[in-house]
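Structure first, then comments.
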Amino acid sequence: MTIQFNPADLLVILPELVLLGATCAILLIDLFLKPSQRDITHWLSIVAIAVTSFLVWRGAPEVAQGVSAFNGMFKHDGISVVLKQFVLLTTGLSLFYARNYMRERSLLFGEFYLLILFATIGMMLLVSAGSLVIAYLGLELLALSSYALVALNRNSAISAEAAIKYFVLGALASGLLLYGMSMIYGATGTLDLAAISAQINQVEHRGWLAIGLVFIVSGVAFKLGAAPFHMWLPDVYHGAPTAITVFIGSAPKVAAFGLLYRLLEGGLGPMSEHWTPMLALLSVLSLAVGNLFAIAQSNLKRMLAYSTISHIGFMLLGFVGGSPAGYSAAMFYIISYTMTATVAFGIIALLARAGFECEEIDDFKGLNQRSPWYAAIMGISMFSLAGVPPLFGFFAKLLVLKSAIDAGFLWLAIVAIIFAIIGIYYYLRVVKVMYFDAAADDAAVPLPADLPLRWVISLNGLALVVLGLAWGPLFDWCNRAFGV
Amino acid sequence: MAHWPLLSVLIWLPIVGAVLVLALGRDARVARWLSLLVALLTFVASLPLYIGYEAVAGGMQFAESHLWIGGLKAYYGLAVDGISVALIVLTTFTSVLVIIGSWGPINKRVSQYMAAMLVLEGMLIGIFAATDALLFYVFFEAMLIPMFIIIGVWGGPRRVYATLKFFIYTFLGSIFMLIALIYLHMKTGEFSLAAFAAAPLSATEQAWLFFGFLAGFAIKVPMWPVHTWLPDAHVEAPTGGSVILAAIMLKVGGYGFIRFSLPITPDASQEYAWVVIAMSLVAVVYIGYVALVQDDMKKLVAYSSVAHMAFVTLGIFISLALVREHANPDAARLGMQGAMVQMISHGFVSGAMFACIGVLYDRLHTRMIDEYGGVMNVMPWFGGFFILFSMANCGLPGTSGFVGEFMVILASFQSNPFIALVAAFTLIIGAAYTLWLVKRVIFGEVTNPKVAKFKDLDAREWIVLGSFAAAVLALGIYPKPLTDLMDSSVLQIVNALMLSKA
């Protein structure tokens, strides 16, 4: 096969190119800015993300199966459009939530924005991956930027510890993934995911495929944070500066969904009877570990980290059926989760101020007295994570439970709801602390004067209510992406 | 007939009103008056529902239907039959009284309390009006949030324990119901209750679904042995919360049995009716004895609620046995009708009892029976009301409490005299614990010097107790408007029971 360069392909990756160009431009501009002018970098990054989002919207493929570029290395279809839009949206949200927090801690370096933008490019490549190589490159671009982001506060021992754990375990996961990919490549002789899918049934050495599949599933489970590969997640969420946790806890989850889908369904789809039981097992373990360990946490960031694990378990319920409707439900779930998690982490970042992290659950005591509006937003986010109607999170749970039941995994759905009930306890505990407990001191919280931050987080919180009442359009959008 | 969506107005008016109260209610007086206005408007808006409902025709009226989620064929579907109309009017009526009753006692974060009450009202109306199972479920679960906040913020000393128990317990039950609903959606492809009722289901499927629904509704009612959250929630809830909880939220469980269990799983309901009937009889007798030994007034009334609600479940499921095994649809109708009357009556009586306890609590800040005594000497008007509601609670003829219980006992007699005998025990036990309560609290000498300083009812308390008393007496002396309202709807339910699905 000869590699041909078709200039029209450039148009397909226009959003990525523009974002890359903008990132390089911001890198240069930032060099000439004084630290007091960092707001310029901030707004330029937000504009770059908004423009990219617009281009993704404009460039949405008209044909249902999507278009591919660079000999199938890059796929642009309905799924990648949805995922990219939410990657960009949540990244933009994290930038809003981060600025004040980072500035108060003198961490608002230009590198912060650059690393986030490079990670975003990585995620966009990842969700459009048409070949094993692109998937791996996108993943590494995301991962390397994330390691550096976690370590951004180099004076903090706990951040450094988190970054090293993240790096070592992340490198291990990448190694597993790459090893699995090499097995698959060896067995099928191709890196192209569509070609792998087409040839997989003719492969003689099934053993290689099986081993490759196990490595790939483990690698992706590491990246997702599914139990038993979740060990890094609480430490990283806890150790990273809160503003970084907002980012790491949101957009990369959407991208990891893309990775899971592209590799398992796109590449190894014909082997689904082998990987669905693995995912079912991961799902049960994640639900159990996430929900049970979260109860014991007194640090809100760690609690939310364990809650993330349990939500990954819920999301995997959509995969066990191996059907487009299930993937659509899983995508809806991951979108709902990230939209909700950004609120929860964002509120922690909002309430933190210089010298006070506001990350212990007890720091939220009596928040309703001091700041009823943000207590209500946090409450909405907690009830949504707990899956109480009429909030967004409930409908996401409904859809994945439905897809699991439709696929005949009734037992899995029942296990999931039992753990969901256990999980309700720790979400309610946050509401309890905010509403029922008296504040240690009655002084009003000095909220940051950052008006965009306050507006955006309020809109983000209200979106959970609005999307709970009118989630039909988003559901249809997900369904269309998968051709349901 | 109505050209504008009356049911939507009834649901959303209080909810929008709650947002207004939150936004404008920085001043407690504004919050109180505004919420009273909203509650009154909602009550007035619910009157055309009662007047306009054509009881003779029966069936579902005031229907609204809009596609909500196309991908799941879920509809924003609302409609009411006679039973729903009665329950909705009960809701709007009680909500007004609750808001008046909370005027003085609630003085911290008033706007949030009032807003929570209004949201709760909207959601309860939504439950009674929904014809789409998903919409029903959304309201059914969402109402836990305001109640959780009401008990947790304004409740008594053990409020956190009580409210967490309340939330998790009821959530546990309803989430099994959610699985049942998803399963039914898989079978029928939509969420409408009518489609669920029409779906053919095998006996095994029905049995599973029946227990799924039972988990949800039995906890809500609550039936013995899953009633333990109720005394805690009642004791710790503020008066208004207790009134809403007893008067309306418990009815959701009974309503659910009628809307879900009977039409969707009639054969399984028949097969396992003995389970429900046995649980109900245990509740009548055993919970009655438990109520007898309480030394906390609220706990006593809470347990008596469990015992009285057992008549609702008994009436519903005995009618199933009457239709299917004794081919006696008239008696079945009587039983079902009795269950319905008991629901409404219990709404008034238990609401009034909790309102009375609230009146006492506001004066002495304790609910312990020993601390009181001789209240009649200092509060004659209050004493009169208290005795009236107590009589209604033990089912004295002439009060609303008598009508429902009598009808249910009559119906059970035709099925099995033994069941009627056990059920009739309530008349003795109920009289025992209620009259003993009256004796210890209202009569006797004033032993506590603080009680001697009590002032009789103020105007606000007069309005609340007077309205409840009027309702209790009206329903007891002339229940015909209520039974007429529900008659054809009950008939339809009973007729539907004759059809087997398997």
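Protein chains get the first letters and strands the later ones, always in sequence-line order, with residue 1 at the start of each.
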Inset, instruction - Would you verify whether the NZ or CZ of A/Lys432 falls within 45 degrees of the ring axis of B/Phe167 while also being under 6.0 Å from that six-membered ring's centre? - result: no

Legend entry - Within the 6.0 Å centroid threshold, strictly below: A/Tyr306 and A/Tyr426: no

Legend entry - Part of B/Leu181 within contact of chain A (heavy atom distance under 4.5 Å): neither

Legend entry - A/Trp477 atom CH2: more than 12 heavy-atom contacts under 6.0 Å: yes

Legend entry - Under 4.5 Å from a heavy atom of chain B, the part of A/Asp476 involved: side chain

Inset, instruction - Could you tell me if the ring centre of A/Phe392 sits under 6.0 Å from that of A/Phe332? - result: yes

Legend entry - A/Arg429 side chain vs A/Ile361 backbone, donor-acceptor pair below 3.5 Å: no

Inset, instruction - Under 4.5 Å heavy-atom distance to chain A, tell me which part of B/Tyr137 shows up: side chain, backbone, both or neither. - result: both

Legend entry - Under 4.5 Å from any heavy atom of chain A - which part of B/Leu178: side chain

Inset, instruction - Give a yes or no on whether A/Trp411 atom CH2 has more than 12 heavy-atom contacts from other residues, nucleotides or ligands under 6.0 Å away. - result: yes

Legend entry - Atom group of A/Tyr435 that falls short of 4.5 Å from chain B, counting heavy atoms: both

Legend entry - Contact leader toward chain B among A/Val431, A/Leu398, A/Leu391, A/Val484, where contacts are heavy-atom pairs under 4.5 Å: A/Leu398

Legend entry - Contact class of A/Phe394 relative to chain B, heavy atoms under 4.5 angstrom: side chain

Inset, instruction - Sort out for me which of B/Leu67, B/Thr163, B/Val153 touches chain A most, counting heavy-atom pairs under 4.5 Å. - result: B/Val153

